Amino acid sequence: MILPHFQTLALPAASNLLDRVDGWRQEATRKLQQSQRGEKGQFLTPSSVATLMAGMFEFNCPDISLLDAGAGIGSLLAAVVCELCQRPNKPHSLHVTAYEIDLILIEYLKQTLELCSIECQHFGISFTCEVREIDFIQDSADMLQPNLFTQQVKREFTHAIINPPYAKIDAKSQARTLLRSIGLETSNLYAGFTVAAAHLLKPNGELVSITPRSFCNGLYFRDFRKVFLQMMALRQVHIFESRQLPFQDDAVLQETIIVRATKQIEQPDTVLITSSSSVGDDLVLSHQLPYTALINPKDSEQFIRILPDSVSQKVVEQIAQFTCTLEELGLTVSTGKVVDFRVRSDLRLKPENGTVPLIYPAHFSAGAVEYPTATRKHQALAVTEKTAALLVPNEHYVLSKRFSSKEEKKRIVAVVWDANKINSSRVGFENHLNYFHQQGRGLDLTLARGLAVYLNSSLVDAFFRLFNGHTQVNATDLRNLKYPNLEQLLLLGAQIGEISPTQREIDRLVETQLLNPTNPLENSPMTMKNRIDESLEILEALGFPKGQRNQRSALTLLALLDLKPKDAWELAKSPLLGITQIMEFMAQQYGKKYKANTRESVRKQTVQQFLDAGLIVVNPDSPERPVNSPKTAYQIEESALELLRTYDTSDWDKNLRAYLASVETLKQRYAQEREMARISITIEGDVKTLSPGAHNVLISKILSEFAERFTPAGRLLYVGDTDEKFAYFNEASLTALGVTVDAHGKMPDVIVHFTEKNWLVLIEAVTSHGPINPKRKSDLENLFRNSTVPLVMVTAFLSRNAMAQYLSDISWETDVWVAEDATHLVHFNGKHLLQPYSKNENICESE
């Protein structure tokens with residue numbers, strides 16, 4: 001395919017490609033009607049999701065043929081191109097086949113592919129592409145099942161990356177017929193796209209897909225699992241803490257997962273399970289799970305059981321202690337019989353003569369049923385010949401919600417329907433409820449209370465979330481759950497009175513009455529979960545926004561308090577901890593083992609927010625220590641520590657109000673202390689300050705000594721700071737020189753335009769990190785590749801001794817300046833000092 005030419009498509013860096021494409025995604029989303037997108041299952045991939053997916057490929061072959069079966073505007077393709085261009089071992093060629101049938105999206109897709117071509121050309125990758133404006137299911141079926149009328153040659157691909165449409169397909173539709181022709185019976189398009197893409201892969205080909213998690217279990221996707229797992233071996237599964245985050249722009253309330261699989265019959269020994277709080281979060285929880293634990297070879301349903309960490313494995317082990325089915329207990333669970341719109345004429349807003357209570361999820365309140373309640377729903381049902389069969393005797397039952405609300409804390413929410421509290425012979429349960437019964441009759445009240453305690457436990461909730469990706473809690477799901485025996489349930493129920501127990505009381509009962517009391521409970525999954533939930537509740541009470549109320553932040557707070565799962569809050573301490581120590585605490589005490597290279601995410605996305613809020617202080621033992629020092633340490637602020645020690649006491653609310661009233665004063669005080677230690681510099685007559693530390697001391701000397709001596713009358717364009725990336729930034733002047741700054745790229749510490757020579761001088765200040773070595777030189781050349789003036793690169797040191805540590809690393813065709821010998825330069829292999837070099841010819845340019 002020959003791509004059309006689009007103006008102003010030249011790009012300065014790979015991340016700008018993603019930014020440009022993501023802007024088009026948002027523009028296209030606005031153009032497409034929401035109803036149309038929902039009907040077609042069109043949810044365009046945000047760049048953060050696309051980047052995560054592209055990074056999961058291994059890309060072991062030199063010539064890549066890539067399939068995107070529902071390309072949209074090309075977000076996934078752009079992410080793959082950026083990923084390949086940044087890898088040290090780049091492929092020789094990349095051929096893209098992109099399917100798309102939406103005319104609006106196709107125009108954007110073609111623009112994206114041209115940008116991809118430009119990017120690949122710059123990095124020496126041969127790029128070709130084809131846009132197929134045809135239905136992917138139709139085309140793949142023609143290739144996989146050719147006949148006299150369709151002489152399609154089967155295309156094969158080394159890689160496929162897909163975000164397939166999430167839409168149901170009718171049993172009599174053409175798509176359903178086509179999928180049957182390739183051996184798949186499914187009711188959802190995403191399953192069809194995934195299997196078709198897998199069929200088109202070459203042996204050992206890689207597939208990365210983002211889909212709803214619902215295929216992991218359940219009857220509807222049994223055939224899909226069988227067909228897919230016969231062809232493909234799962235290699236990595238990535239899950240998200242929140243079901244809203246991957247497609248939050250589209251308000252998609254769907255639990256999604258990303259899967260990487262390879263086309264092979266042999267199964268690997270282990271599968272990498274990763275998880276993150278959000279798509280842009282670099283803090284990734286990582287866990288190797290035996291393949292047989294993910295998919296039990298003896299399981300005829302081939303359920304995919306995703307265990308993200310060691311704590312999850314403990315949850316499974318504890319649930320395994322319960323072996324009873326509902327049938328063995330003489331119980332069953334059914335969906336509420338009343339579908340309100342079918343009996344509309346018999347609905348009543350309030351109870352009256354000739355009616356019975358009609359119970360909805362809206363009647364659930366504080367672990368019990370509140371009837372009647374304040375709601376717009378009808379609360380009574382007239383007893384007629386038509387409705388009589390929909391009612392049950394007014395006896396004791398356990399009710400549970402079939403649907404959990406947006407981000408409800410618990411997936412299973414159960415209450416006891418206590419018949420003693422309602423004067424009625426019969427009752428109606430609406431269709432959004434499940435109810436537990438004994439052959440249509442009620443339960444013993446003690447048994448009902450014990451069953452509700454078990455269902456409401458954090459243990460059952462954690463187990464259910466592990467293996468049920470959908471937002472519903474169906475009667476079938478509850479039937480498949482294993483339960484304590486009758487004696488154990490009655491033992492639980494006997495501990496419950498008229499007042500509903502708190503979550504903590506529920507979990508304590510399950511631990512002490514059901515689980516083996518001889519086992520130490522220090523690392524009990526329920527204890528850990530409750531402590532994390534308490535930490536989240538504290539962050540909410542302190543006013544932290546929703547984006548910072550996540551597991552990462554909760555665990556960081558617990559680490560800074562040295563609070564283990566069984567410790568009382570009054571035992572909270574204030575140790576000095578660095579980021580590495582914080583992450584070690586998470587792993588050792590709460591079983592959350594994150595990738596070692598994700599420390600920066602903790603610092604940027606949690607610790608910095610704690611600092612801004614005055615909750616913690618940095619380097620209280622040495623305020624002059626730079627914030628980027630490997631010795632940087634954090635400590636809970638003294639007043640905050642005193643407050644948190646009173647959590648879960650009668651003094652908490654009063655102390656919280658007092659703390660919140662004074663926190664602004666505390667923040668100001670610590671800000672003043674930090675400001676006193678800052679380093680002053682003068683830029684074009686304005687006094688600015690840099691954060692304390694040797695690195696910024698050197699930057700100050702570069703500005704006052706190096707620049708004045710070696711770039712006289714030069715124009716300062718950029719100064720970085722260890723505390724904030726852009727301490728000074730003259731964006732307009734850099735743009736005029738052809739440089740568009742990549743916010744994701746690692747900028748030099750100082751940039752000066754030496755106007756007399758018309759050179760752009762890039763200076764790195766070295767105190768604890770390396771100089772301009774060959775790799776860094778190449779990175780800077782790439783970052784500034786569109787500069788219209790020659791580049792000069794300088795590494796600066798405070799002393800000769802510091803320079804001596806890095807002599808073997810310094811790149812040729814660069815300069816070195818040492819602050820203690822400020823009048824001299826060291827030039828590596830050149831005719832003149834401070835002289836630009838031609839990258840291609842490797843010789844000095846003439847003046």
Side-chain angles (χ1 to χ4, degrees), residues 282-283 552-553 555-563 572-589 593-638 640-641 669-680 689-702 719-725 727 746-747 749 764-771 776 795-806 809 819-820:
D282 293 331
L283 189 69
R552 175 193 64 238
S553 296
L555 289 170
T556 300
L557 177 60
L558 293 171
L560 288 164
L561 295 169
D562 192 26
L563 207 63
K573 307 177 187 70
S574 57
L576 271 170
L577 297 180
I579 300 297
T580 299
Q581 293 167 302
I582 290 172
M583 295 180 67
E584 288 172 350
F585 179 91
M586 295 176 182
Q588 292 168 5
Q589 300 301 330
K593 187 175 182 181
Y594 293 97
K595 288 185 176 180
N597 62 349
T598 58
R599 291 186 295 270
E600 192 66 6
S601 183
V602 176
R603 187 183 72 80
K604 284 185 176 180
Q605 299 183 34
T606 290
V607 169
Q608 187 58 54
Q609 282 70 32
F610 284 7
L611 283 170
D612 292 342
L615 183 62
I616 63 174
V617 293
V618 60
N619 294 325
D621 57 325
S622 180
E624 71 281 355
R625 183 186 296 137
V627 292
N628 68 338
S629 166
K631 296 181 180 180
T632 289
Y634 306 92
Q635 188 177 50
I636 201 80
E637 193 274 328
E638 184 179 354
L641 177 63
R669 190 187 86 200
Y670 287 112
Q672 288 169 358
E673 291 177 0
R674 290 195 299 270
E675 193 65 29
M676 288 174 63
R678 292 178 71 87
I679 300 164
S680 296
T689 63
L690 303 176
S691 56
H695 186 265
N696 284 341
V697 168
L698 179 53
I699 285 183
S700 177
K701 290 180 178 293
I702 291 169
V719 179
D721 185 6
T722 54
D723 201 15
E724 62 182 288
K725 190 167 184 177
K746 187 177 182 300
M747 295 285 284
D749 294 304
E764 293 271 63
V766 176
T767 53
S768 60
H769 295 83
R776 178 61 175 148
T795 302
F797 297 95
L798 279 170
S799 66
R800 289 192 185 189
N801 285 340
M803 178 182 70
Q805 307 302 314
Y806 294 102
D809 297 329
E820 69 178 9

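Bear in mind that the values here come from a model prediction, so they are computed numbers and not experimental data. All values below come from the heavy atoms of this structure, side chains included, with hydrogens, waters and symmetry mates left out. Note that the numbering runs from 1 along the sequence shown for the chain.
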Listed by chain and number, what are the side-chain hydrogen bond (donor to acceptor under 3.5 Å, both in side chains) partners of [X], not counting sequence neighbours?
X: D621; answer: R625
X: S799; answer: none
X: S553; answer: N550, T606
X: T795; answer: none

Quick check for you: to the nearest 0.5 Å, what is the distance between [X] atom [atom1] and [Y] atom [atom2]?
X: L798; Y: K701; atom1: CG; atom2: NZ; answer: 7.0 Å
X: K573; Y: L641; atom1: NZ; atom2: CG; answer: 10.5 Å
X: F610; Y: Q605; atom1: CZ; atom2: CD; answer: 12.5 Å
X: L560; Y: T556; atom1: CG; atom2: OG1; answer: 7.0 Å

Subject >> Test ring-ring contact (aromatic ring centres under 6.0 Å, His included) applied to Y634 - qualifying residues, sequence neighbours left out >> reply: none

Subject >> Side-chain donor/acceptor of S622 to backbone N/O of N619, under 3.5 Å >> reply: no

Original post:
Do Q589 side-chain atoms and L563 backbone N/O form a donor-acceptor pair below 3.5 Å?
Top reply: no

What closest approach, in Å, do [X] and [Y] show between heavy atoms, and which atom pair accounts for it?
X: R800; Y: E820; result: N-OE2, 3.0 Å
X: P620; Y: Q635; result: CG-OE1, 3.4 Å
X: V766; Y: P771; result: CG2-CA, 3.6 Å
X: V602; Y: R552; result: CA-CD, 4.3 Å
X: L615; Y: A640; result: CD1-CB, 3.7 Å

Original post:
Can you name the side-chain contact (heavy atoms from CB on, under 4.5 Å) partners of K604, sequence neighbours left out?
Top reply: E600

Acceptor/donor pairs from residues 574-587 side chains to any protein atom, 3.5 angstrom cut, sequence neighbours excluded:
{"from": "Q581", "atom 1": "OE1", "to": "G578", "atom 2": "N", "distance (Å)": "2.7"}

Subject >> For D809, all residues meeting salt bridge (charged side-chain N to carboxylate O under 4.0 Å, His left out), sequence neighbours excluded >> reply: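 Counting only residues at least two positions away or on another chain, D809 forms no salt bridge (charged side-chain N to carboxylate O under 4.0 Å, His left out).
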
